[in-house]
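FYI, side chains are in, hydrogens and waters are out, and symmetry mates aren't considered; it's all heavy atoms of this structure. Convention: sequence-line order gives letters A, B, ...; per-chain numbering from 1.
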Amino acid sequence: MSEIERDEQEQIKQRRQKLSALREQGVAFPTDFRRNVITGEVIAEYADKTKEELEAEPVRVKIAGRMMTRRIMGKASFCHIQDMAGKLQLYVTRDTLPEGFYNEQFKKWDIGDILGAEGTLFKTKVGELSVKVDDIRLLTKALRPLPEKFHGIADQEIKYRQRYLDLIMSDKSRKTFVTRSGVVNFIRRFLDQRQFMEVETPMMQVIPGGATARPFTTHHNALDMGLYLRVAPELYLKRLVVGGFERVYEINRNFRNEGLSTRHNPEFTMLEFYQAYAEYTDLMDLTEEMLRGLAEEVTGSTTINYQGEAYDFGKPFQRMTVVESILHFNPELSAADLDSREAAVKVAEKLSIPVKDGYGLGKVQIEIFEKTVENRLMNPTFITAYPVEVSPLARRNDDDPHVTDRFEFFVGGREIANGFTELNDAEDQADRFRKQVEEKEAGDDEAMHYDADYIVALEHGMPPTAGEGIGIDRLVMLFTDAPSIRDVLLFPHMRPKN
RNA sequence: GGGUCGUUAGCUCAGCUGGUAGAGCACCGCCCUUUUAAGGCGAUGGUCGAGCGUUCGAAUCGCUCACGACCCA
């Protein structure tokens, strides 16, 4: 059925007729109504007052919102209007409005219409704070009916594709996005207080860097050149550290050309921050402080309930190395099983992990880690000492050159953050890029490009620096008990219909 | 990419082993001045996701496709 035919649906047709009647009566979409209060303020201030108190000192309000429910009882009606802060009941009677208005105007309005009303606060028989209306106007006619009031929208697809309907109908969804805003706001304040500066770096990059992931490609017409959407801002932020901005952060979108799932959206929001004269352990401490504070601010507790499990952000976060964690969750293994590539490959094969020829010991260890450890890291945990092979931008450990000064942070079996002491040795970085290019040429389309300009920047000297990325969407999922990343994205990526 | 489930009125859902479609809400008409999933009476509303097939006959059975949800890679 085409969109034009859909418009001929009976209910929409009726509403269009009501709208053309309004057009004939004058301005159908007036903009001159001004409210003097929102529902949340009214409720906060007057919900505790008694019936008698409200009668003794009458309070007048001008309020506006979308009509969500209506109960017409002859010459009197109740309806709820909803605004940005919540809902408030209106009591509308024939005899307090101008002659004929109640029957010829008000009763013809529809649920979903946007109204402006003026009146006096009172309490109903059952004690609900309401407005006794003596002036009411239709501000915006809604041509399409709202979803059914009791069940709301059950169809996930409509919730995602028509988010505005979901936001009108679901307090829970509205709250999720309010929380999301609160999370980002808290992080900004936290970092600002510590002298971090928020910056913006290119989303369109000539060489995509900073992560091992497949990029999206686009084209610049005037310059007639290919460009990539960034997979990470990392290399630009570190150029800023070279430039003397010693504490920088960016909260913005990254783009990765990979599959969609309950944890992956092609564009997602990442916090990245860099602190000069610090090591990865300093960032672990900072992360712990930030997440604990965030949990308390957002949920009022240091215990997070996610999908039926409780995670404790109050206690010190656990810390162990990649190898320690593998041994911990695979008690039948001993250190010798992870010491050599030969031994580790045997372990991997037993776990039916496909091992490619190019994999070194470190890559095999990480495959074993991902298969047997990652989704079992339930309470907040830092994993450290990642192999050099899988950490092309991280500083080598001084005592063990096979691993880096790097950590990842897990909660509920999910990776939330990744940080390390930055590699500021330009020559080592150039070698690592060359290695990535070899892997790319061998067929790994996630491997990194050689970024010569970045090497030049490092050759000018980057102070010792630690940096970290935190996935904002996954963090918000945790704090809003959301099972899918789509529940925390206002407009998640969906396949086009038809 | 593989598996499971789903798609029926604007919305939420029934519809059994095949016999030309049903409820609640919404909408329309009437009654109703403290209701709140308001209530009462009455009426309207459907290319049953799309296509092909089996059959005298398909919402129902089979196949293909589209979109979605969940699980696995």
Side-chain angles (χ1 to χ4, degrees), chain A residues 1-3 5-19 21 51 54-55 66-82 86-97 102-104 106-113 119-134 141-166 168-171 258-265 307 351-354 367 370-371 374-375 413 482-487 492-498:
Chain A
M1 205 189 294
S2 78
E3 282 302 307
E5 280 169 306
R6 273 163 71 99
D7 283 354
E8 298 311 313
Q9 293 289 338
E10 194 54 35
Q11 282 189 52
I12 295 170
K13 224 154 93 183
Q14 284 161 357
R15 288 184 179 214
R16 281 192 197 284
Q17 281 162 9
K18 290 177 181 178
L19 176 58
K51 204 176 181 113
L54 288 170
E55 278 166 15
R66 187 185 296 276
M67 181 160 68
M68 299 300 291
T69 61
R70 186 173 56 163
R71 296 167 290 282
I72 297 178
M73 300 160 304
K75 298 178 192 67
S77 298
F78 286 95
C79 57
H80 277 98
I81 58 167
Q82 176 171 284
K87 290 191 185 82
L88 191 63
Q89 184 168 252
L90 305 182
Y91 180 57
V92 182
T93 57
R94 188 192 65 181
D95 298 338
T96 50
L97 295 176
Y102 181 80
N103 281 313
E104 280 140 51
F106 175 77
K107 277 167 81 171
K108 292 197 167 74
W109 298 346
D110 293 296
I111 287 172
D113 288 351
T120 312
L121 292 180
F122 77 108
K123 283 276 178 86
T124 65
K125 265 186 183 167
V126 292
E128 179 171 346
L129 184 68
S130 306
V131 182
K132 195 168 282 177
V133 170
D134 46 50
K141 183 73 199 161
L143 294 175
R144 289 174 185 266
L146 288 179
E148 192 254 4
K149 65 186 170 189
F150 187 63
H151 297 92
I153 305 170
D155 186 345
Q156 283 294 340
E157 192 174 347
I158 295 175
K159 285 169 91 84
Y160 296 150
R161 287 189 195 272
Q162 293 180 276
R163 182 67 87 184
Y164 50 91
L165 279 181
D166 180 39
I168 291 169
M169 297 304 295
S170 167
D171 290 339
E258 291 161 4
L260 283 75
S261 77
T262 48
R263 297 180 202 188
H264 298 88
N265 195 66
Q307 302 293 297
L351 292 162
S352 54
I353 296 168
E367 292 287 324
E370 286 176 359
K371 174 111 182 184
E374 208 172 288
N375 58 13
S484 169
I485 194 169
R486 293 180 163 192
D487 297 322
H493 184 80
M494 300 289 279
R495 242 179 255 239
K497 273 241 153 174
N498 301 326

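- With the nearest nucleotide of RNA chain B identified for both A/Asp155 and A/Lys125, A/Asp155 has the one nearer the 5' end.
- For a distance-only test at 3.5 Å, the side chain of A/Tyr91 qualifies as a donor-acceptor partner of the base of B/U33.
- Spacing between atom CD of A/Gln11 and atom C1' of B/G46 amounts to 14 Å, rounded to whole angstrom units.
- A salt bridge links A/Lys141 with A/Asp110: the closest approach of a Lys/Arg side-chain nitrogen to an acidic carboxylate oxygen falls below 4.0 angstrom.
- Using cut-offs of 30° and 60° for the angle between ring planes, the A/Phe106 and A/Trp109 rings count as perpendicular.
- Comparing the C1' positions of B/C65 and B/C11 gives a spacing of 27 Å, expressed to the nearest Å.
- Within the nucleic acid shown, A/Gly152 comes within 4.0 Å of sugar-phosphate atoms alone, with no base atom in reach, counting heavy atoms only.
- Counting any heavy atom pair closer than 4.0 Å across all strands shown, A/Phe122 reaches a base atom.
- Here A/Arg161 reaches the OP1 or OP2 of B/G68: one of its side-chain N or O atoms lies under 4.0 Å away.
- In terms of polar N and O atoms assigned as donor or acceptor, the side chain of A/Thr124 comes within less than 3.5 Å of the base of B/U35 in a complementary pairing.
- Side chain A/Glu128 to base B/U36: a donor-acceptor pair is found below 3.5 Å.
- Across all strands shown, B/G24 forms a Watson-Crick or G-U wobble pair with B/C11, both key distances being under 3.5 Å.
- One interatomic measurement links the two molecules: NE2 of A/His151 to C1' of B/A37, which rounds to 9 Å at whole-angstrom precision.
- Across B/A58 and B/A21, the matching C1' atoms stand 13 Å from one another, rounded to whole Å.
- Among the heavy atoms of the strands, none lies under 4.0 Å from A/Thr69.
- Atom CG of A/Asp166 and atom P of B/C11 are 15 Å apart (whole Å).
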**Item:** Step-by-step side chain to side chain donor-acceptor pair (under 3.5 Å) determination, A/Asp166 to A/Tyr160
**Value:** CA-CA 8 Å; A/Asp166 180 39; A/Tyr160 296 150; over 6 Å; no

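- Base pairing of B/G53 is made with B/C61, judged by Watson-Crick or G-U wobble geometry with both donor-acceptor distances under 3.5 Å.
- B/A59 sits 16 Å from B/G51 when the C1' atoms are compared, rounded to a whole Å.
- Using a 4.0 Å heavy-atom criterion, one finds that A/Lys371 contacts no nucleic acid atom at all.
- Following rounding to the nearest Å, A/Leu260 (CG) and B/G1 (P) show an atom-to-atom distance of 12 Å.
- A cation-pi arrangement is absent between A/Lys132 and A/Tyr91, since the terminal nitrogen or guanidinium carbon is not both under 6.0 Å from the aromatic centre and inside a 45° cone about the axis.
- Pair assignment for B/G68 gives B/C5, based on Watson-Crick or G-U wobble hydrogen-bonding distances that are each under 3.5 Å.
- B/U55 sits 13 Å from B/U60 when the C1' atoms are compared, rounded to a whole Å.
- Here A/Ser130 lies out of heavy-atom contact (under 4.0 Å) with every strand.
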Can you tabulate the close N/O pairs, meaning under 3.5 Å, that link protein atoms to atoms of nucleotides 39-41 of chain B?
none

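- B/G46: no Watson-Crick or G-U partner with both key distances under 3.5 Å is found in any strand.
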